[in-house]
There are 2 protein chains.
Amino acid sequence: MGIEDGLWSRSRRAAYAEITQVAMRLFLDQGFAATTIDQIAAAAGISRRSFFRYFGTKEDIVLGDLAVQGELVRDALEAVPLTVPPWDALQEALWKVEGLVGDDETMLKIATMMYETPSLRARSIEKHLQWQRLLVPNVRRRLGSDPTDADDVAADAIVASAIACLDAAGAVWARNGGAADLKELYRRAVESVRS
Amino acid sequence: MGIEDGLWSRSRRAAYAEITQVAMRLFLDQGFAATTIDQIAAAAGISRRSFFRYFGTKEDIVLGDLAVQGELVRDALEAVPLTVPPWDALQEALWKVEGLVGDDETMLKIATMMYETPSLRARSIEKHLQWQRLLVPNVRRRLGSDPTDADDVAADAIVASAIACLDAAGAVWARNGGAADLKELYRRAVESVRS
DNA sequence: TGACCGACTGGCACTCAGTGTCAACGGGGC
DNA sequence: GCCCCGTTGACACTGAGTGCCAGTCGGTCA
């Protein structure tokens, strides 16, 4: 059932790309909130109803990748030896995935739009909470936590803080127009939290 | 212009309390998502339109206080001497406000509802982001950061992590049915992040 | 007491997101 | 050629949230 490249899945992937591209142009052109689903559907040449068969919400066009990236981070984290302490392992896993995203130019536009659109910001954090659920089990093993101890907050706290640092770094990065280096900002963020 | 206790503001406050109470009963009874604005308005004896004059969104009924609490935390933080290091000052400020909230019984019900209702969870995080904007300036002063250095992530990272710890502690607290002590959970969360 | 002002209210109509349903279409296997 | 199955578009519907307007009611001043 793995990678089937029948006509169905191929054209479906093409449709995803097409819709995303068209919608992004509209978002960056006239703003996220001011763009309606009808406009996107019309511009993409599909019906309103079909749009919702590709994306559950308008926000998913922008943030849909975050769900996938979460699984990539988890996989990358699983690949790091359990002897590596949590913070270092998380950093390594995050960088492995962060390297896959597109060019800084469009990244910056998306990030800026995200940080000034409340509903987008909220959804992005919601997605990051899903990351948390994916990453916590591995960090618990890394800490040698008792799997039956429901009161153990350590792993939850560390993962939540790491993501908070990534978020803070991203916010500063976007605020300054992408001038600083994101990795360096994250490194400094973690450093100041832990010192 | 300060605290005017004319008939207008008194009855307005009473209306707030009335609507909140009625709505909470409905939420806890039949779930947040399954409760419509029309039901709340009807139960509170007001029109649909008037409801939106009191609360901007359905989520604000549950989370409205968070905005106010944010300002309280800021004020409490401002009251802590600048010589106290960030983490300690934040903890002190958070506890001062956390002590004001109601009994654990209803708090737990609300927290549980929040953690299993996506839209509520998202909004609550959005509110916590507002806390961040309120608290960061003070923490920057505490760190002796250069006010003109836009690249300085330290304060943002610390505040974001502290709130993340509070959130993680709250999640664990709600997950276990309010068995553990929230303050103790937070203390342990911060400890594991910084060790 | 009566006229007036300003805030609150309810009702109506509207936009927009999101969902359920159903008939029509179109490719792949027999 | 025929059937199965996934996709599509059209229609109708709910529910959140907003703009507008006319009516109401408390407070104020003459």
Side-chain angles (χ1 to χ4, degrees), chain A residues 1 3-20 22-23 26-27 30-64 67 117-124 126, chain B residues 1-20 22-23 26-27 29-64 67 113 117-124 126-127:
Chain A
M1 229 22 129
I3 305 173
E4 302 217 13
D5 255 48
L7 193 146
W8 287 120
S9 48
R10 254 188 300 122
S11 63
R12 185 166 184 83
R13 246 195 309 260
Y16 264 109
E18 168 87 8
I19 297 169
T20 303
V22 164
L26 287 171
F27 290 159
Q30 58 187 31
F32 180 82
T35 304
T36 68
I37 306 278
D38 293 86
Q39 287 177 345
I40 299 169
I46 58 173
S47 72
R48 212 181 94 79
R49 193 63 186 86
S50 281
F51 170 86
F52 283 110
R53 291 198 179 93
Y54 286 95
F55 299 94
T57 69
K58 195 165 65 165
E59 286 82 10
D60 280 351
I61 303 173
V62 183
L63 305 174
T117 308
S119 74
L120 262 180
R121 187 103 168 88
R123 290 271 188 176
S124 92
E126 215 177 341
Chain B
M1 215 46 109
I3 304 172
E4 302 217 13
D5 254 47
L7 194 147
W8 286 122
S9 48
R10 254 188 298 122
S11 62
R12 185 166 184 84
R13 247 195 307 260
Y16 264 108
E18 168 88 8
I19 298 170
T20 303
V22 163
L26 287 171
F27 290 159
D29 192 40
Q30 58 187 33
F32 181 83
T35 305
T36 68
I37 307 276
D38 294 85
Q39 287 177 343
I40 299 169
I46 58 172
S47 72
R48 211 182 98 78
R49 193 65 187 85
S50 280
F51 170 86
F52 284 109
R53 291 200 179 92
Y54 286 95
F55 299 93
T57 68
K58 193 164 68 165
E59 287 81 12
D60 281 351
I61 304 173
V62 183
L63 304 173
M113 183 171 71
T117 308
S119 73
L120 263 180
R121 188 101 168 90
R123 289 272 188 178
S124 92
E126 216 176 340
K127 299 274 182 183

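Note: hydrogens, waters and symmetry copies are ignored here, and every other heavy atom, side chains too, is used.
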Asks: How are the rings of F32(B) and F27(B) set to each other: parallel, tilted or perpendicular (split at 30° and 60°)?
Replies: tilted

Asks: Measure from the side chain of R48(B), starting at C-beta and using heavy atoms only, and say which of dA16(D), dG17(D), dG18(C) lies closest.
Replies: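 That would be dG17(D).
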
Asks: Using only modelled atom types and a 3.5 angstrom limit, is any donor from either the side chain of R53(A) or the base of dG9(D) paired with an acceptor on the other?
Replies: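 In this structure, the two groups form a donor-acceptor pair.
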
Asks: Is Y54(B) touching bases, backbone alone, or none of the nucleic acid, heavy atoms closer than 4.0 Å?
Replies: sugar-phosphate

Asks: Provide, to the nearest angstrom, the distance between the CD1 atom belonging to I37(B) and the C1' atom belonging to dA17(C).
Replies: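 My rounded result for the distance is 15 Å.
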
Asks: Let me know the distance between CD1 of I40(A) and P of dC16(C), rounded to the nearest Å.
Replies: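 Atom-to-atom, I40(A) to dC16(C), this comes out as 12 Å.
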
Asks: Could you please name the option among dG10(C), dG18(C), dG9(D) that lies closest to any side-chain atom of R49(B)?
Replies: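 Out of dG10(C), dG18(C), dG9(D), the nucleotide with an atom closest to R49(B)'s side chain is dG10(C).
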
Asks: Find the distance F51(A):CZ to dA17(C):C1' and express it as a whole number of Å.
Replies: 10 Å

Asks: Considering only dG9(D), dG17(D), dG11(C), which nucleotide approaches the side chain of I46(A) most closely?
Replies: dG9(D)

Asks: Figure out the CZ/P separation between F52(B) and dG15(D), and round it to whole Å.
Replies: 12 Å

Asks: Figure out the CZ/C1' separation between R123(B) and dA16(D), and round it to whole Å.
Replies: 10 Å

Asks: Between dG10(C) and S50(B), is there an OP1 or OP2 to side-chain N/O distance shorter than 4.0 Å?
Replies: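 Answer yes for this pair, as a side-chain N or O of S50(B) is under 4.0 Å from OP1 or OP2.
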
Asks: Round to the nearest Å and state the distance from F55(A) atom CZ to dA17(C) atom P.
Replies: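 Computing the F55(A):CZ to dA17(C):P distance gives 15 Å.
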
Asks: Rounding to a whole Å, what distance do you find between E59(B):CD and dG15(D):P?
Replies: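 Roughly 15 Å, once rounded to whole Å.
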
Asks: Which part of the nucleic acid does S119(A) contact within heavy-atom distance under 4.0 Å: base, sugar-phosphate only, or nothing?
Replies: nothing

Asks: Report the distance from atom CG of D60(B) to atom P of dA16(D), rounded to the nearest whole Å.
Replies: 14 Å

